[in-house]
Peer 1: 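Here you go, one structure.
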Amino acid sequence: MNDFVISAFQLLSLVFSVMIHEVLHGLMALKLGDTTAKDQGRLTLNPLKHIDPFGSVVVPLVLLVTGSPILIGWAKPVMYNPANIKNPKTGDLLIKLAGPASNLALAVVFGLILRLLFPFVNVPIFGSLVIFLKIIVATNVSLAIFNLVPLPPLDGSSILFALIPDKWHALQEFLTRHGFWLLIIFIFFGFQLILPIIGSIYLLLTGPAG
């Protein structure tokens with residue numbers, strides 16, 4: 001299997017995974033009583049509704065070109081109206097957790113499939129499938145952990161804001177104001193800090209197939 005096919009599948013896996021991630025945000029908001037995502041047509045598997053030019057295209061392509069061991073990115077955030085949710089702070093926490101949780105769920109499912117197929121890795125058709133499954137698991141584990149980093153616009157920032165005391169508003173204001181640039185710096189210079197976590201979870205899910 002050549003590098004172009006692998007890179008193309010990595011991008012496809014990323015787009016699919018961030019799309020599921022955002023749809024789950026919207027579904028959780030809908031469950032909690034807000035229809036904003038539904039009204040905006042975001043509860044769909046049409047990737048054109050979710051692609052963010054920078055997070056879904058530029059960042060992944062730069063990481064591919066620079067030979068990054070991990071491919072990450074993000075889609076357009078799903079919007080919701082806190083006024084439609086009974087407990088906005090708890091609701092925000094649940095909505096934001098739904099995205100990373102969906103990626104971990106996908107990683108678990110495809111990790112189990114990978115374990116089942118691994119004994120047949122020497123069969124040509126299964127050998128290629130194993131490679132694709134590894135990419136899907138790695139992508140979703142990476143997205144789940146990456147999105148828990150507490151920097152806007154990632155889910156981790158909203159989770160942090162929901163958990164910290166209100167008196168820490170200065171931290172929230174600082175991260176909200178400078179989060180995007182801090183995130184760019186983190187992607188290109190600090191990502192190695194979470195690589196051991198991603199690697200450990202990946203190996204836990206894939207076992208000998210990893």
Peer 1: To the nearest 0.5 Å, what is the distance between CG (Leu14) and CD1 (Ile135)?
Peer 2: 11.5 Å

Peer 1: Hey, what do you get for CG (Leu133) to OG1 (Thr206), rounding to the nearest 0.5 Å?
Peer 2: 11.0 Å

Peer 1: Show the numbers, then the answer: is there a side chain to side chain donor-acceptor pair (under 3.5 Å) between Thr36 and Asp34?
Peer 2: CA-CA 6 Å; Thr36 302; Asp34 181 67; 2.9 Å; yes

Peer 1: Would a 4.5 Å heavy-atom cut-off, applied to side chains only, mark Phe132 and Ile6 as touching?
Peer 2: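 Of all side-chain heavy-atom pairs linking Ile6 with Phe132, none is under 4.5 Å.
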
Peer 1: Are Val23 and Met28 connected in a single hydrophobic cluster, I mean Ile/Leu/Val/Met/Phe/Trp/Tyr linked by side-chain heavy atoms less than 4.5 Å apart?
Peer 2: no

Peer 1: To the nearest 0.5 Å, tell me how far Arg42 CZ sits from Lys76 NZ.
Peer 2: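 So the gap between those two atoms works out to 5.5 Å.
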
Peer 1: Decide yes or no for Thr35 and Asn84: does some side-chain heavy atom of the first lie under 4.5 Å from some side-chain heavy atom of the second?
Peer 2: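 The answer is no; the side chains never approach within 4.5 Å.
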
Peer 1: Of all heavy-atom pairs between Gln10 and Leu64, which one has the smallest distance, and what is that distance?
Peer 2: OE1-CD2, 3.3 Å

Peer 1: Would you give me the side-chain donor-acceptor pairs under 3.5 Å for residues 175-198, sequence neighbours excluded?
Peer 2:
from, atom 1, to, atom 2, distance (Å)
Thr176, OG1, Gln172, O, 2.7
Arg177, NH2, Glu173, OE2, 3.0
Gln192, NE2, Phe189, O, 2.9

Peer 1: Residues two or more places apart in sequence or in another chain: which of them pass ring pair (Phe, Tyr, Trp, His ring centres under 6.0 Å) with His50?
Peer 2: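 Partners of His50 by the ring pair (Phe, Tyr, Trp, His ring centres under 6.0 Å) criterion come out as none, since no residue qualifies.
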
Peer 1: Of the non-hydrogen atoms in Gly55 and Pro60, which two are nearest, and what is the gap between them?
Peer 2: O-CD, 3.4 Å

Peer 1: Specify the closest pair of heavy atoms between Pro88 and Pro82, including all atoms of both residues, with the distance to one decimal.
Peer 2: CG-O, 3.7 Å

Peer 1: Pair Asp166, Lys89 - check salt bridge (charged side-chain N to carboxylate O under 4.0 Å, His left out), show working.
Peer 2: CA-CA 11 Å; Asp166 292 336; Lys89 194 166 186 177; 3.4 Å; yes

Peer 1: Same hydrophobic cluster for Phe9 and Val130, using side-chain heavy-atom links shorter than 4.5 Å among ILVMFWY?
Peer 2: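 Same hydrophobic cluster.
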
Peer 1: List the steps, then state whether side-chain contact (heavy atoms from CB on, under 4.5 Å) holds for Leu45 with Ile20.
Peer 2: CA-CA 7 Å; Leu45 295 182; Ile20 295 296; 3.7 Å; yes

Peer 1: Please report the closest heavy-atom contact between Leu116 and Pro119, naming both atoms and the distance.
Peer 2: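 Shortest heavy-atom contact: O-CD, 3.3 Å.
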
Peer 1: Hey, what do you get for OH (Tyr80) to CG (Asp39), rounding to the nearest 0.5 Å?
Peer 2: 16.0 Å

Peer 1: So if you build clusters from Ile, Leu, Val, Met, Phe, Trp, Tyr with side-chain heavy-atom gaps below 4.5 Å, do Met19 and Met79 land together?
Peer 2: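 Result: no, two separate clusters.
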
Peer 1: State which residues pass ring pair (Phe, Tyr, Trp, His ring centres under 6.0 Å) with Phe120; sequence neighbours excluded, sorted by chain then number.
Peer 2: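 Per chain and number, Phe120 pairs via ring pair (Phe, Tyr, Trp, His ring centres under 6.0 Å) with Phe126.
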
Peer 1: Starting at NZ of Lys96, measure out to CG of Asn147 and round the result to the nearest 0.5 Å.
Peer 2: 9.5 Å

Peer 1: Could you tabulate the donor-acceptor pairs under 3.5 Å formed by side-chain atoms of residues 97-114, not counting sequence neighbours?
Peer 2:
from, atom 1, to, atom 2, distance (Å)
Ser102, OG, Gly99, O, 2.5
Asn103, OD1, His21, ND1, 2.7
Asn103, ND2, Ser17, O, 3.3
Asn103, ND2, Asn140, OD1, 2.9

Peer 1: Are Leu11 and Leu61 packed together at the side-chain level, in the sense that at least one heavy-atom pair is separated by less than 4.5 angstrom?
Peer 2: yes

Peer 1: Is there a side-chain contact between Arg115 and Leu205 in this structure, where contact means two heavy atoms from C-beta onward sitting under 4.5 Å apart?
Peer 2: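 Arg115 does not reach Leu205 side chain to side chain.
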
Peer 1: Hey, could you give me the CG/NZ distance between Leu129 and Lys134, rounded to the nearest 0.5 Å?
Peer 2: 11.5 Å

Peer 1: Please tabulate, for side-chain N and O atoms in residues 66-73, each donor-acceptor pair with protein atoms closer than 3.5 Å (sequence neighbours left out).
Peer 2:
from, atom 1, to, atom 2, distance (Å)
Thr66, OG1, Val62, O, 2.8
Thr66, OG1, Leu63, O, 3.2
Ser68, OG, Ile70, N, 3.2
Ser68, OG, Ile70, O, 2.6

Peer 1: Would a hydrophobic clustering, with Ile, Leu, Val, Met, Phe, Trp and Tyr connected at side-chain separations under 4.5 Å, put Leu204 with Phe146?
Peer 2: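 Different clusters.
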
Peer 1: Output, in order, the C-alpha distance, side-chain angles, deciding distance and verdict of side-chain contact (heavy atoms from CB on, under 4.5 Å) for Leu148 and Asp155.
Peer 2: CA-CA 6 Å; Leu148 291 175; Asp155 300 324; 5.5 Å; no

Peer 1: Which other residues end up in the same hydrophobic cluster as Val78, if Ile, Leu, Val, Met, Phe, Trp and Tyr are linked when side-chain heavy atoms come under 4.5 Å apart?
Peer 2: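 None, because no other hydrophobic side chain comes under 4.5 Å of this residue.
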
Peer 1: With a 4.5 Å limit on heavy-atom distance, are the side chains of Pro165 and Trp168 in contact?
Peer 2: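 The answer is yes, as the side chains (C-beta and beyond) meet within the 4.5 Å cut-off.
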
Peer 1: Any donor-acceptor pair under 3.5 Å linking the side chain of Ser56 with the backbone of Pro53?
Peer 2: no

Peer 1: What I'd like to find out is whether the side chain of Ile95 reaches to under 4.5 Å of the side chain of Leu32, using heavy atoms alone.
Peer 2: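 Result yes, sub-4.5 Å side-chain heavy-atom pair found.
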
Peer 1: Verify the cluster assignment for Ile51 and Leu143: are they in a single hydrophobic cluster under the rule of side-chain heavy atoms below 4.5 Å apart?
Peer 2: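 Yes, it is one cluster - the side chains of Ile51 and Leu143 are joined through contacts under 4.5 Å.
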
